[in-house]
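A short write-up of the structure that comes next.
Whatever order the structure lists ligands and atoms in, that order sets their numbers, starting from 1.
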Amino acid sequence: MQLTFLGTSSMVPTKERNQIAVFLSYGTEGILFDCGEGTQRQFKIAGIPLSKVTKILLSHWHGDHVLGLPGLMQTLSSTDYTGTLEIYGPAGTKKRMEKMFEAFVFDKKLNFKVEEVKSGKFFENGDFDLESYPLEHGIETLGFKFTEKDKRKVDMKKVKKFGIPHNGKKINPDDVTDIEKGKKVAYVTDTVLCSGCYKTAEGADLLICEATYSSKLADKGEEYGHMTAKQAGQLANKSNAKQLVLIHFSARYKNTQELEEDARDVFDNVICAKDFMKIDL
Ligand SMILES: [Zn+2]
Ligand SMILES: [Zn+2]
């Protein structure tokens with residue numbers, strides 16, 4: 001599993017930071033969390049073909065999270081994208097997609113389906129499942145969680161011990177295999193610290209969380225429905241997350257060190273994402 005941070009800025013992009021978008025690549029699946037303006041170009045620069053995207057998960061319909069959607073879909077529809085692009089978002093997403101297709105002239109060659117999701121599991125296959133939980137941001141907003149399924153791995157040492165092929169005796173799978181725990185990735189932005197954050201982040205191996213402001217601007221965070229870096233640290237701490245990656249920075253922070261330090265006050269294993277940063281899990 002590989003994560004690529006395609007954009008790390010909040011509302012206003014900066015020279016170094018594009019609007020928010022995070023890409024999770026897992027086997028043949030490519031899950032895009034949010035799609036800020038210019039995301040398709042970020043894919044190009046990152047060297048990831050747009051055709052790798054199979055699912056788009058929209059946290060909410062503020063522009064910085066969706067402005068890249070029409071462009072990305074238009075480009076996909078001009079390629080030989082053969083699959084059905086799945087788009088998941090909060091209540092109202094279908095209507096907004098329709099309006100978007102009214103506003104632009106699309107040839108609509110692209111096969112896609114739109115699903116509105118609420119609370120709990122909304123997708124599952126043999127390898128992983130996807131959950132969403134409502135966040136508090138003034139409009140319908142969702143946190144997302146990717147959970148890889150546990151895998152049974154054959155342990156060759158144990159197999160040798162049993163001397164397989166065997167003499168016809170039954171072997172318990174537990175005797176020759178180990179369970180490899182599936183990884184969890186949580187995505188939490190834009191919201192105040194609320195119960196939905198904890199549901200999303202619980203037990204995450206990697207928690208990707210907004211840090212729009214440092215705690216010096218906690219009042220602003222409260223006013224605009226955003227978390228501070230320290231709150232992201234608190235969330236990581238209480239949810240037993242293993243690693244915290246901060247995203248969605250206000251353009252006022254030329255340098256994100258202040259945000260990283262603010263979170264590190266309460267949670268050690270934290271870094272600020274940069275555009276094009278990659279993490280292998
Ligand atoms: Zn935002
Ligand atoms: Zn927002």
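- Angle NE2 (His60) to the Zn ion (ligand 2) to ND1 (His62): 90°, rounded to 10°.
- Taking the Zn ion (ligand 1) as the apex, the angle formed with NE2 of His248 and NE2 of His65 is 100°, to the nearest 10 degrees.
- Residue-level check: among N/O/S atoms of Asp190, OD2 sits closest to the Zn ion (ligand 2).
- Within the coordination shell of the Zn ion (ligand 2), defined by N, O or S atoms under 2.8 Å, His137 is present.
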Worksheet entry | Criterion ring pair (Phe, Tyr, Trp, His ring centres under 6.0 Å) on Phe5 and Phe276, from CA distance to verdict | CA-CA 5 Å; Phe5 295 82; Phe276 307 115; over 10 Å; no
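- None of Lys254, Glu261, Glu260 except one satisfies the side-chain hydrogen bond (donor to acceptor under 3.5 Å, both in side chains) rule with Gln257; the exception is Glu261.
- Between Leu57 and Leu142 the shortest side-chain heavy-atom distance does not fall below 4.5 Å.
- Rounding to the nearest 0.5 angstrom, the gap separating the CZ atom in Arg41 from the CG atom in Leu6 is 13.0 Å.
- The minimum distance between the Zn ion (ligand 1) and any N, O or S atom of Asp64 involves atom OD2.
- Residue Leu207 is tested with Leu246, Val245, Leu244 for a side-chain contact (heavy atoms from CB on, under 4.5 Å); the sole match is Leu244.
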